[in-house]
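Presented below is the structure to which this report refers.
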There are 4 protein chains.
Amino acid sequence: MTIIMSKKDSHGSIISYSKIIDIFTDRMVGFVLISMSDKKNKVLQIATKLFAEKGFENTSMVNICHEANVSKGLIYHHFKSKESILIEIFTGVTNQMIEMKTASKSSQEPKLQLVQLIETIFSQLEHDKAFFQLNLNIMFQPSTRQILKEQIEQRASLLFNSVKNIFDQISLKKSDLLSYMFIAEIDGISLNYLSIFNEYPLDMVKEELINKYKYLRINND
Amino acid sequence: MTIIMSKKDSHGSIISYSKIIDIFTDRMVGFVLISMSDKKNKVLQIATKLFAEKGFENTSMVNICHEANVSKGLIYHHFKSKESILIEIFTGVTNQMIEMKTASKSSQEPKLQLVQLIETIFSQLEHDKAFFQLNLNIMFQPSTRQILKEQIEQRASLLFNSVKNIFDQISLKKSDLLSYMFIAEIDGISLNYLSIFNEYPLDMVKEELINKYKYLRINND
Amino acid sequence: MTIIMSKKDSHGSIISYSKIIDIFTDRMVGFVLISMSDKKNKVLQIATKLFAEKGFENTSMVNICHEANVSKGLIYHHFKSKESILIEIFTGVTNQMIEMKTASKSSQEPKLQLVQLIETIFSQLEHDKAFFQLNLNIMFQPSTRQILKEQIEQRASLLFNSVKNIFDQISLKKSDLLSYMFIAEIDGISLNYLSIFNEYPLDMVKEELINKYKYLRINND
Amino acid sequence: MTIIMSKKDSHGSIISYSKIIDIFTDRMVGFVLISMSDKKNKVLQIATKLFAEKGFENTSMVNICHEANVSKGLIYHHFKSKESILIEIFTGVTNQMIEMKTASKSSQEPKLQLVQLIETIFSQLEHDKAFFQLNLNIMFQPSTRQILKEQIEQRASLLFNSVKNIFDQISLKKSDLLSYMFIAEIDGISLNYLSIFNEYPLDMVKEELINKYKYLRINND
DNA sequence: CATGAATGAGACTTCATTCAT
DNA sequence: GATGAATGAAGTCTCATTCAT
């Protein structure tokens, strides 16, 4: 799944990728992660960055060591293998998504929820191109895809359920189909923006999409 | 670009991936490839298959040699490097797309052209998942992406112009935006079908999309 | 030396390998080991087991830590190095052998002493294949052999003197040669039983050997 | 099996280990090996030497590279792994043994065959201590033992059948038992000579053994 | 055209050992 | 006594590429 779920916190702001990166840094307060050693943190942070920049296969353990100022031995003290670093990164984000989903109970009008969701996602997309590209890279590289198959599926159903939940509030009819179309549109735009077109008119496309869903009228034939 | 352009040949049929694969085989008559030796053909064919199955980085020259029943020396006689095999594969398909584009001058009603395009693409998608995944893999793997940057952009504008050309026949207004949306929808669906959802209702989604464009009414506000 | 000396204690029973293992446990009362901490004991015990099962080179300190439920730091608190664990294990057994030797003063008829010795050794052999294999492993692995060279020689002469002492009681003539042959036969059988033949008829061979020495008649030509 | 079978060639001389080593050198004329590249030969030769001197686990691929004046890549071009070098060495010798066995049809008096066998083996033993030690090392190192389990068993039965065949000519009764004892004596002496005693009186022991079998009288009770 | 021996850089990983706490 | 984070050397193996034949 290309999309990272958004979460409105008490101040109405959005948890963006900068927050996701915080999972591995000092501001994170989840009890599981709080005890993570600084060096391990650093490794996860650097690995995330390098995997995003160069791809998983083209990032060597030595690359990570050097950038993280850490010895090879230490990495293997904290992680079983290179693969397991990838898994830990991915799991961190997946857990974050799950947590967000549980936390976010919107009472807004459903069409506005869709609009909000679109805005959140595109805002993240613009801020963290590299991170989204990492996700795509991982999903289409057969080797890494295999490793993270389950999580990818988990994330997909997580997002789908969130979206379908909103459409159900609008109309139970065709909510499945509408969810698939909604997600396809967002993923397609992300894909084109990130990797296909040189100068993609993201703002224009975003506006079009928002208008579409703001004034959505469902044809119940 | 996820999308491989279709071409209606004189019999109204579609150039599918099976045809694309033919680029590398004896039936191909393009002037560029006509002189290609059988062995070189075989290498390109096998490399395409292996890159799709295992990814570029995880396919070794030896893998290709063994499957193609060819010696290492011979591969380096025909190709400067592993990269250049990838480039040649990609170029072959790009050239094919260009040729198709020049050849295909449809006189059909524009909305039917869109429907035809949708059907073509999804038909290819279903037949050649691996090949489409290869394209995605290459585009999101930073290393390979860099190598093929220009071609990726060339293909994107090729497709965009084809689509925009159709929308222009419907209405000059917003034809850009509509083209971007159309491409995004198709790419998004492909993406979700290929790599995200476990059991994607491709037929249902396709039908929805076809209905949308068959009866398209443009809001000219 | 493949052979672990036996000892008849006051009840006529034999000190078997189960007793040897006790060196490292609470029932041991030797003055050297009495003050040994429980954890150190445990480490020696586990190390013996792992060295026997996997060989010295293929047993890592971490393997020992995990199985002994002890931290790496603690092992290095008790032992200077991995080598020194091996040395301590070997020394423990050697000391035990020395102690046994000093303790065992048999007044039996010499040929019966030989029979007794044969029975003891084969009984141990059957009970503790792994332990005997460890001894062989250590003696033939050039690296470990070097470390324990002196002890190996010490044990050899210890055993040789014990055996020669018995043969001296039978006949002073050729007692050297007879001792070498006796030891060779026992070691050869052990070797074949432990490591060469798939289904070795140990009982049959043992009986043959016992008969040979029970009714030994020395040719004094 | 510690013992390498001997073979009387047309001049009554013995194929010693120096001949076995020739398997890997220019004098070998077996059609299978004649085509082996010089470099591959060299690697096998050097590996044999180093495994014998330092043990399998303590010989690194780099050690072999350096001594054989060959690149790491080349070794892996010829051998799948370090293990496979060991297997190839061992297999070479095993095949040699099989070939010798088939070739050697002695018409001598059986007791003299035994004497001949003893002399052959001890002659080899004295010439090639390191090689015999390698065999022992391999058989008692759990890791290598596992790898060569089958061959070890094959060799054992090969030797056993040879020996039993001779004893059968003397007396069918107890020929099994006598074979086991004979092999045990030889292996025991080898073991003691190679690895236990500092100054082993090999000549004296050998003479004793020869006398025993030269004038063997079987007790048929 | 065609082969495959040969190279050497660099990949992932293991491991004994040290040391601050 | 006890812990485990941290190190760095060394190990096995892979791989794109070159080149003599």
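Each chain gets a letter, A, B and so on, in the order its sequence line appears, and its residues count up from 1.
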| note | Sorted by chain and number, sequence neighbours left out, side chain to side chain donor-acceptor pair (under 3.5 Å) with Ser81(B) holds for none
| query | Going by number, which of residues 50-66 of chain D have a non-hydrogen atom under 4.0 Å from DNA chain E? | reply | none
Distance, nearest 0.5 Å, that separates [atom1] of [X] from [atom2] of [Y]:
| X | Y | atom1 | atom2 | answer |
| --- | --- | --- | --- | --- |
| Ile64(C) | Asn69(C) | CD1 | CG | 13.5 Å |
| Ile87(C) | Thr94(C) | CD1 | OG1 | 11.0 Å |
| Gln151(D) | Ile138(D) | CD | CD1 | 9.5 Å |
| Asn137(B) | Asn137(A) | CG | CG | 8.0 Å |

Spacing of [X] atom [atom1] relative to [N] atom [atom2], expressed in whole Å:
| X | N | atom1 | atom2 | answer |
| --- | --- | --- | --- | --- |
| Lys42(D) | dA6(E) | NZ | C1' | 17 Å |
| Asn69(C) | dT3(F) | CG | P | 9 Å |
| Phe79(B) | dC1(E) | CZ | P | 12 Å |
| Lys40(A) | dA5(F) | NZ | P | 9 Å |
| Ile75(C) | dT3(F) | CD1 | P | 10 Å |
| Asn41(B) | dC1(E) | CG | C1' | 15 Å |
| Glu83(A) | dA11(E) | CD | C1' | 14 Å |

| said: Looking at Arg145(B) and Met139(B), would you say the former's side chain and the latter's main chain have a donor-acceptor pair under 3.5 Å? | reply: yes
| said: Strictly below 4.0 Å: does Lys82(B) bring a side-chain N or O up to OP1 or OP2 of dT17(F)? | reply: no
| message | Please confirm whether the shortest side-chain N or O distance from His78(D) to OP1 or OP2 of dA6(E) is below 4.0 Å. | response | yes
| said: For Phe56(D) and Phe51(D), take the angle between the two ring planes, folded into 0 to 90°, and tell me which bin it lands in: parallel under 30, tilted 30 to 60, perpendicular over 60. | reply: perpendicular
| Glu88(C) and Lys80(C) ion-paired at < 4.0 Å | no
| said: Between Glu67(B) and Lys42(B), does any side-chain N to carboxylate O distance fall below 4.0 Å? | reply: no
| query | Of Val70(A) and Leu74(C), whose closest DNA chain F nucleotide lies nearer the 5' terminus? | reply | Leu74(C)
| query | So which nucleotide from dC13(F), dT17(F), dT7(F) ends up closest to the side chain of Ser81(D)? | reply | dC13(F)
| Taking C-beta and beyond as the side chain, do Leu44(C) and Phe79(C) meet within less than 4.5 Å on heavy atoms? | yes
Distances for protein N/O vs nucleotides 18-21 of chain E N/O pairs under 3.5 angstrom?
none

| Which residues satisfy the side-chain contact (heavy atoms from CB on, under 4.5 Å) test with Asn63(D), sequence neighbours excluded? | Leu50(D), Lys54(D), Thr59(D), Ser60(D)
| field | side-chain contact (heavy atoms from CB on, under 4.5 Å) involving Tyr76(A) - partner list, sequence neighbours excluded | value | Met61(A)
| Distance between the C1' atoms of dC1(E) and dT21(F), in whole angstroms? | 13 Å
| field | Stems where DNA chain E pairs, listed by first number, each of three or more Watson-Crick or G-U pairs under 3.5 Å | value | E:2-21 with F:2-21
